[in-house]
Amino acid sequence: MGCITMASLKKNKELLNLITRSNRLGSNPKNTNYAGGNTSAKGVEIDPSTGKPINLLWVKGSGGDLGTLTEAGLAVLELDRVRALIDVYPGVEREDEMVAAFDYCLHGRGGAAPSIDTAMHALVDAAHVDHLHPDSGIAIATAKDGEKLTKKIFGDKVAWVDWRRPGFQLGLDIAAIKAANPQAIGCILGGHGITAWGETSAAAENNSNFIIKTAETFIAKNGKKNPFGDKVAGYEALKPKARLAKAAAIAPFIRGLASTDKPMVGHFTDAPAVLDFLGSAKLKKLAALGTSCPDHFLRTKVKPMVLDLPADADIEKVKARLVKLHEQYRKDYEAYYSKHKSKNSPAMRGADPAIVLVPGVGMFSFGANKQTARVAGEFYQNAINVMRGAESISTYSPISDAEKFNIEYWSLEEAKLQRMPKPKPLASRVAFVTGAGSGIGKAIAERIVAEGGCVVIADLNLENAQSVAASLGRDNAVAVHIDVTSEAAIQSALAEASIAFGGVDLIVNNAGLSLSKPLLETTQRDWDLQHDVMARGSFLVSRESARILLDQKMGGDIIYISSKNSVFAGPNNIAYSATKADQAHQVRLLAVELGEHGVRVNGINPDGVVRGSGIFAGGWGASRAKVYGVNENDLGKYYAQRTILKREVLPETVANAVIALTAGELTHTTGLHIPVDAGVAAAFLR
């Protein structure tokens, strides 16, 4: 990062203090949201090009997160050059040009990209500056009489700054206020958040915490008892079990509506604060006013979509009403865009809601990936807290729709979006993989996440599933218990998937087991067990997941991990091969039936997957090795030598085929079986 190294980080106490302060502030949700706010420090380093001291500004870069900030997330600028921009500042009308000007002020390579708030940090005459979005501070900032409240709460210790879009002029405004009020430790930014400063890192942090805590205490002591009004009969929260059941039942349908313009991943919460808001008399009024802080509405859209039916409304009635509300939401958003756009505005990015509120049930939030969806929900919870605080002591009065539009469709915001990396092939897709706690299923799950998808690790061994999910990351995977021989267990697992991600798109029927016995030694129980797990199990998983796919109306994929044995007659495995043949024909049957809904059904026929295979480790390997007269440890090599390519098939090899079918160019392929066996002529499809 520029001329700063880890060695210099250890030597530069101001820089080290900045990072540790940022992490403390950012890790507390009362202080700021994920990726919200920014912090800075000013200090002196030796310029390698001159050998002389140089004044530097370190400030959190664009898009970074305070709670996890590292040195790499800081932009490094030459302070005197940034301040010299005052002399060439062309005025508010050409405000956007100033961000590009920061590039000419970078020190060395500059580190992270400077954010729009860089001017605020550079121009304020203090060694350390914090800009945060605490719920309590924004409550004051969005109160109708916020300026008077600021004076009442803080006296002359904290100043008020009228709403102004973030940028160079706001930096000038705050710098002027600090200069005119030397006793002030910070300010409330109308409609937005807070800024605090100090000559030491500790002083800045203490001042930030003072403003946040003082505002919080004032609201708690002086606020109304029921700021959202009376509770509305019929809109109270359902009991937990009923609440989750209803959420699971409607989540895929809502996800489909929210994905009209582009596919979205969902997130659900029934947090107490959310349920309290949804059951209140002021829900409709406050939701219509929308959020205020730019960090909020850039992730939540300006307004949520609110279901106006009681908590116990019939599911089909709920769906019918949601369709009507969604149509109106899109019309309203298009009208909002048309009313405020200019000739230079970017194209409308989509008219679907990012937040859907269902009284008695909870909040559904949506984004291009799980993290984005989750964070959108967290931000709307912050907005609820803000509205509660503002209504407690005054009247909630957010910035206007015109101002919201100017930020939502700001050329700088558009440029930021354009800088984002191209989505991976499975971005926004949710996979449900059975038997994913080990072997082939685990490899498939890992590959799906690597390609940008989310995955539900469904396995009979929940501990294994949880271990795999944990290794893939919080926002990428969840573990669920599943017994594919149980219809109820399958329904429960898919309900959990719908709660976790809003639905499913890609189903992989991988769960299986095998017993190697000759015909006369194969018992009825052997036969029934293998057919119950693989033939009936995959049928039930496909049927129940198809209900979700059809509810979403987003198409989808169903993949069967069948076997070479579905078409190849080998010795001593009548039950296994027969059930694999059953699975293989399910592929063809479902491809025909589900094609009109955009659902593609394909199969994969592996062979000889020994390493990492749960089936082989469970006794199948020893049995097959005995049949072929080889050492069990050499079984994989044996299988490889009997193939045309002489290559061993691994779990990852099968995962590759799943990705080829679902993330590649085979968009018009259904009803296909792909051999993944390194070439077994006797199993060639005819």
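This chain uses plain numbering: 1 for the first residue, then up along the sequence. These numbers come from the heavy atoms of this one structure, side chains and all, not from hydrogens, waters or symmetry mates.
Using a cutoff of 4.0 Å between basic side-chain nitrogens and carboxylate oxygens, Arg330 and Asp261 are scored as salt-bridged. In this structure, Arg388 does not pair ionically with Asp135, as no charged nitrogen and carboxylate oxygen lie closer than 4.0 Å. Ion pairing between a basic and an acidic side chain is recognised when a charged N comes within 4.0 Å of a carboxylate O; Asp308 and Lys324 show no such pairing. Looking at Asp505 and Arg255, a side-chain N of the basic residue comes within less than 4.0 Å of a carboxylate O on the acidic one, giving a salt bridge. Of the charged side-chain nitrogens involved, none lies within less than 4.0 Å of a carboxylate oxygen, so that Lys331 and Glu334 do not count as a salt-bridged pair.
In this structure, Ser498 OG and Phe432 CZ are separated by 9.5 Å, a value rounded to the nearest 0.5 Å. Note: Gln371 CD to His267 NE2 = 11.5 Å, rounded to the nearest 0.5 Å. Between Trp197 atom CH2 and Cys187 atom SG the span is 4.5 Å, to the nearest 0.5 Å. Here the CG-OG distance, from Leu289 to Ser397, works out to 8.0 Å after rounding to the nearest 0.5 Å. With values rounded to the nearest 0.5 angstrom, Tyr396 atom OH is found 11.5 Å from Lys285 atom NZ. Here the CG-CZ distance, from Leu66 to Arg21, works out to 9.5 Å after rounding to the nearest 0.5 Å.
Pro240 places none of its side-chain heavy atoms less than 4.5 Å from the side chain of Asp270. In this structure, the side chains of Leu472 and Glu446 come closer than 4.5 Å at one or more pairs of heavy atoms. For the pair Leu149 and Ile188, the minimum side-chain heavy-atom distance is 4.5 Å or more. In this structure, Asn476 and Lys370 have side chains that are not in contact, with every pair of non-hydrogen atoms separated by 4.5 Å or more. Within the 4.5 Å cutoff, the side chain of Leu106 has heavy atoms near those of the Pro114 side chain. Side-chain contact between Asn209 and Arg24 is absent, with no heavy-atom pair separated by less than 4.5 Å. For the pair Phe297 and Ile407, the minimum side-chain heavy-atom distance is below 4.5 Å. Inter-residue side-chain proximity for Leu549 and Ile507 is flagged as met; some heavy-atom pair is nearer than 4.5 Å.
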Subject >> side-chain contact (heavy atoms from CB on, under 4.5 Å) between Ile116 and Trp410, worked out >> reply: CA-CA 11 Å; Ile116 189 63; Trp410 199 357; 3.5 Å; yes
**OP:** Give the intermediate values and the outcome of side-chain contact (heavy atoms from CB on, under 4.5 Å) for residues Ile174 and Leu189.
**Re:** CA-CA 9 Å; Ile174 297 175; Leu189 282 62; 4.2 Å; yes
**OP:** Please lay out, stage by stage, how Asp117 and Val59 fare under the test side-chain contact (heavy atoms from CB on, under 4.5 Å).
**Re:** CA-CA 9 Å; Asp117 288 316; Val59 59; over 6 Å; no
**OP:** Check step by step if side chain to side chain donor-acceptor pair (under 3.5 Å) holds for Asp130 and Ser208.
**Re:** CA-CA 7 Å; Asp130 297 334; Ser208 292; 2.8 Å; yes
Subject >> Test log, rule side-chain contact (heavy atoms from CB on, under 4.5 Å), inputs Gln381 and Met363 >> reply: CA-CA 9 Å; Gln381 286 190 69; Met363 172 173 64; 3.8 Å; yes
**OP:** Report the C-alpha distance between Lys282 and Glu391 in whole Å, list the side-chain angles of each, state the deciding distance to 0.1 Å, and finish with yes or no for salt bridge (Lys or Arg N to Asp or Glu O under 4.0 Å).
**Re:** CA-CA 10 Å; Lys282 291 185 180 180; Glu391 287 288 312; 2.6 Å; yes
**OP:** Apply side chain to side chain donor-acceptor pair (under 3.5 Å) to the pair Ser22 and Thr39, showing each step before the final yes or no.
**Re:** CA-CA 6 Å; Ser22 302; Thr39 51; 2.6 Å; yes
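For the residue pair Thr20 and Asn23, no side-chain donor N or O sits within less than 3.5 Å of a side-chain acceptor on the partner.
Using bins of under 30°, 30° to 60° and over 60° for the plane-to-plane angle, the ring pair Phe364/Phe366 lands in the parallel bin. The aromatic rings of Tyr380 and Phe277 are tilted relative to each other, their planes meeting at an angle between 30° and 60°. By the 30° and 60° cut-offs, the orientation of the rings of His296 relative to Phe379 is perpendicular. Between His192 and His131, the two ring planes are perpendicular [angle over 60°; tilted spans 30° to 60°].
When all heavy atoms of Val265 and Ala373 are compared, the pair lying nearest together is O-CB, 3.3 Å. Nearest heavy-atom pair across Phe501 and Asp475 is CE2-O, 4.2 Å. Annotation for Ser394 and Lys144: closest pair OG-N, 3.5 Å, computed over non-hydrogen atoms. Shortest non-hydrogen contact noted between Gly362 and Leu278 is O-CD1, 3.5 Å. Ser27 approaches Pro29 most closely through the heavy-atom pair O-CD, 3.5 Å. Summarising the geometry of Ala248 relative to Ile499, their closest heavy-atom pair is N-CD1, 3.6 Å, with the distance given to 0.1 Å.
Among the candidates Val433, Asp557, Ile444, the single residue satisfying the side-chain contact (heavy atoms from CB on, under 4.5 Å) test with Val658 is Ile444. Residue Asp352 forms a side-chain hydrogen bond (donor to acceptor under 3.5 Å, both in side chains) with just one option from Lys301, His326, Lys262, and that option is His326. Exactly one residue among Thr300, Thr269, Leu357, Ile355 makes a side-chain contact (heavy atoms from CB on, under 4.5 Å) with Ser365. That residue is Ile355. Evaluated for a side-chain hydrogen bond (donor to acceptor under 3.5 Å, both in side chains) with Tyr336, the options Lys404, Lys303, Glu408, Lys341 yield exactly one hit, Glu408.
Remark: the backbone N or O of Asp551 is not paired with any side-chain donor or acceptor of Lys319 at under 3.5 angstrom. Counting only distance, with no hydrogens or angles, the side chain of Arg243 and the backbone of Leu238 share a donor-acceptor pair below 3.5 Å. A donor-acceptor distance shorter than 3.5 angstrom exists from the side chain of Asn31 to the backbone of Leu25, with no hydrogens or angles considered. A donor-acceptor pair under 3.5 Å is absent between the side-chain atoms of Thr214 and the main chain of Ile211, judged by distance alone. Under the 3.5 Å distance criterion, the side-chain polar atoms of Ser136 are matched with a main-chain donor or acceptor of Ile212. No donor-acceptor pair closer than 3.5 Å links the side chain of Tyr235 to the backbone N or O of Ala281.
The 12-atom threshold is exceeded at NZ of Lys60, counting heavy atoms of other residues, nucleotides or ligands nearer than 6.0 Å.
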